[in-house]
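Take a look at the structure below.
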Amino acid sequence: MGKLLAVALVGIAAALVVERLLTLRKVRHPSSLQTVAEFGNTQLQITRNRLNASREIAPVTLLNCRLIKGIESGSEDIDILPNGLAFISSGLKYPGIKSFAPDKPGEIFLMDLNEDNPRAVEMRISRGFDLASFNPHGISTYVDKDDTVYLFVVNHPHQKSTVELFKYVEDDNSLVHLKTIQHDLLTSVNDVVAMGPDSFYATNDHYFSDFILMFLEMFLGLTWSNVVYYSPKEVKEVAAGFYSANGINISPDRKFIYIADIFDHNVHVMEKHANWNLTHVKKLQLDTLVDNLSVEPSTGDIWTGCHPNGMKLLYHDPENPAASEVLRIQNIVSEEPVVTRVYADNGSVLQGSSVASVYKGKLLIGTVFHRALYCEL
């Protein structure tokens, strides 16, 4: 309620500024007009800096790569099981972001990375689930003690936020919808990391879900984005103060939670406690907009798809498309983490990378709205 009141006051203040500006125009008061203009220019420059609006990147090429056939309208998040089965969310429609298939429902694809020539297969979803409004975003898998595989999918039906819980059926590579999770604290969900068969951490990338208010949050630099813990017994905020909490994942030893703040260009390391609360350990500052985070189980390395220039992502220009960048972060908890730029492309091959995930020397790179890339390292 306090934040809502604050935004209301900001709106009133903005209206008063506009009214004052109109009055000043009539009396031509140059110093006051200059003050208003300077404030607007300052905020605009801050926003451009958060978006890395002037950054260009040098290419980093991987030799053994191919675009994945069948994925044409995004591969926003990817999660790979320990056995090499990769789940891919596709078809995200997000406010302010380009979509090549705005009228097509979202999909979940499956790839078996153990195959010599892996291919993406669209997964069948059980009857009773509203496929027409399916708008998948971040995903996470959980393997239970009896080897049951659960898939958590952030969904935005009609621009709302839900988390859909599915069970994977291996016999026919299908998904059975178990339930839809909604809560007042899950307002603008971007990504989840599963903690159990019905519990997870979720990032809210904005405090508001309305597009205009979301833009106002970014323009004013409000740090109201947060992380929520959800279980059937308890739902609570466990971390706050982010510009825009995005990708989230967990260390192999399950001691630390990693959170990407896309507009602050960093990755936060949080310690996970027995009561599911999180405490800040450190943050790693980068020079790019960090999206989803994947953790390599055998090494603990973090792989992330990034946006070198967020302005190009928000303002799509076919002649100057959004670039792609993949980083590998080693030993993030240590005093000297190592960051390696594994892949970079100016958008000629892959536009708007959002995720990178590896399995036994095979790399998958996904995008917000474009294609997906398969590489052998």
Side-chain angles (χ1 to χ4, degrees), residues 51-52 55-57 59-62 65-80 86-102 104-111 113 118-120 122 134-140 153-154 156 190-191 205 244 246-247 249 260 262 288-294 302-328 341-358 362-375:
L51 293 174
N52 266 3
R55 184 173 182 237
E56 301 291 339
I57 58 168
V60 177
T61 304
L62 294 173
C65 294
R66 62 173 173 83
L67 292 169
I68 299 173
K69 186 177 180 180
I71 298 180
E72 308 288 341
S73 55
S75 43
E76 204 280 336
D77 202 6
I78 299 169
D79 201 10
I80 304 176
F87 295 84
I88 304 170
S89 67
S90 179
L92 174 65
K93 270 74 71 175
Y94 192 84
I97 301 293
K98 174 69 177 178
S99 173
F100 287 127
K104 183 181 179 182
E107 303 163 288
I108 301 293
F109 287 92
L110 186 70
M111 290 185 71
L113 298 180
R119 59 192 182 94
E122 181 185 354
F134 190 37
N135 188 11
H137 201 164
I139 62 175
S140 181
V153 181
V154 177
H156 301 295
N190 184 294
D191 195 17
D205 54 18
S244 184
N246 198 292
N249 218 312
I262 191 168
T288 189
L289 280 72
V290 190
D291 205 315
N292 290 309
L293 306 174
S294 299
I302 298 173
W303 293 73
T304 177
C306 305
H307 307 288
N309 186 322
M311 188 70 78
K312 293 183 180 182
L313 180 71
L314 294 177
Y315 299 97
H316 178 70
D317 179 359
E319 302 301 319
N320 188 21
S324 292
E325 183 176 30
V326 171
L327 300 182
R328 179 186 186 184
R341 183 171 289 107
V342 176
Y343 176 83
D345 177 72
N346 64 3
S348 60
V349 176
L350 203 65
Q351 301 176 19
S353 57
S354 57
V355 63
S357 194
V358 295
K362 298 176 180 180
L363 170 66
L364 297 179
I365 307 174
T367 65
V368 179
F369 60 83
H370 193 227
R371 311 253 340 241
L373 200 65
Y374 167 82
C375 302

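Between Cys306 and Pro308, the shortest heavy-atom distance links the atoms O-CD, 3.5 Å. Ile71 and Ile88 get closest at one heavy-atom pair: CD1-CD1, 4.0 Å. Closest non-hydrogen pair, Phe109 versus Gly70, comes out as CZ-O, 3.7 Å. The minimum heavy-atom distance between Ala356 and Val326, with the atom names listed, is CB-CG1, 3.6 Å. The heavy-atom pair separating Leu350 from Ala372 by the smallest distance is CD1-N, 4.0 Å. Closest non-hydrogen pair, Pro102 versus Ser99, comes out as N-OG, 3.4 Å.
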Q | Verdict with supporting geometry, Leu313 and Phe369, side-chain contact (heavy atoms from CB on, under 4.5 Å) | A | CA-CA 10 Å; Leu313 180 71; Phe369 60 83; 3.7 Å; yes
Q.
Go through it in stages, so that I can follow the logic: the residues are Leu327 and Trp303, the test is side-chain contact (heavy atoms from CB on, under 4.5 Å), and I'd like the CA-CA distance, side-chain angles, deciding distance and then a yes or no.
A. CA-CA 6 Å; Leu327 300 182; Trp303 293 73; over 6 Å; no
Q.
The test is side-chain contact (heavy atoms from CB on, under 4.5 Å); show your working for Leu67 and Leu373 and say whether it passes.
A. CA-CA 5 Å; Leu67 292 169; Leu373 200 65; 3.7 Å; yes
Q: Would you sort out whether His307 and Val368 count as a side-chain contact (heavy atoms from CB on, under 4.5 Å), showing the intermediate values?
A: CA-CA 10 Å; His307 307 288; Val368 179; 3.7 Å; yes
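When the salt bridge (charged side-chain N to carboxylate O under 4.0 Å, His left out) test is applied to Lys69, no partner is found at least two apart in sequence or on another chain.
Side chain of Ser354 to main chain of Glu76: a donor-acceptor pair is present (N/O by atom type, distance under 3.5 Å, no hydrogens or angles). Judged by distance alone, the side chain of Asp77 and the main-chain N or O of Ser89 form no donor-acceptor pair under 3.5 Å. The backbone N or O of Leu113 lies less than 3.5 Å from a partner atom in the side chain of Lys362, making a donor-acceptor pair. Within the 3.5 Å criterion, the main-chain N or O of Asn292 finds a donor-acceptor partner in the side chain of Thr304. No donor-acceptor pair under 3.5 Å is formed between the side chain of Asp79 and the backbone N or O of Ile139. A donor-acceptor pair under 3.5 Å links the side-chain atoms of Ser75 to the main chain of Thr367, judged by distance alone. Lys93 places a side-chain N or O within donor-acceptor distance of the main-chain N or O of Lys104, the cut-off being under 3.5 Å.
Atoms CZ and CD1, from Phe87 and Ile78 in turn, are 12.5 Å apart once rounded to the nearest 0.5 Å. Here the NE2 atom belonging to His370 is positioned 4.0 Å from the CD atom belonging to Gln351, to the nearest 0.5 angstrom. Rounding to the nearest 0.5 angstrom, the gap separating the OG atom in Ser324 from the CZ atom in Arg371 is 12.5 Å. Separating the CD1 atom in Ile57 from the CG atom in Asn52 is a distance of 11.0 Å, to the nearest 0.5 Å. In this structure, the separation between CG on Leu293 and CG on Asn249 is 6.5 Å, given to the nearest 0.5 Å. One distance of note links CG of Asp291 with CG of Asp205; it measures 9.5 Å at 0.5 Å rounding.
Residue-environment remark: CZ (Phe100) exceeds the threshold of 12 foreign heavy atoms within 6.0 Å.
Using a 4.5 Å heavy-atom threshold, the side chains of Tyr343 and Cys375 count as separate. Residues Ser90 and Pro136 fail the side-chain proximity criterion, which asks for heavy atoms closer than 4.5 Å. Counting heavy atoms from C-beta outward, Leu364 and Ile68 have side chains that approach closer than 4.5 Å. A 4.5 Å side-chain heavy-atom check between Lys312 and Asn320 finds at least one atom pair inside the cut-off. Considering only heavy atoms from C-beta on, Leu62 comes within 4.5 Å of Val342 through its side chain.
Note on Glu325 versus Arg55: salt bridge recorded, some NZ/NE/NH1/NH2 to OD/OE distance being below 4.0 Å.
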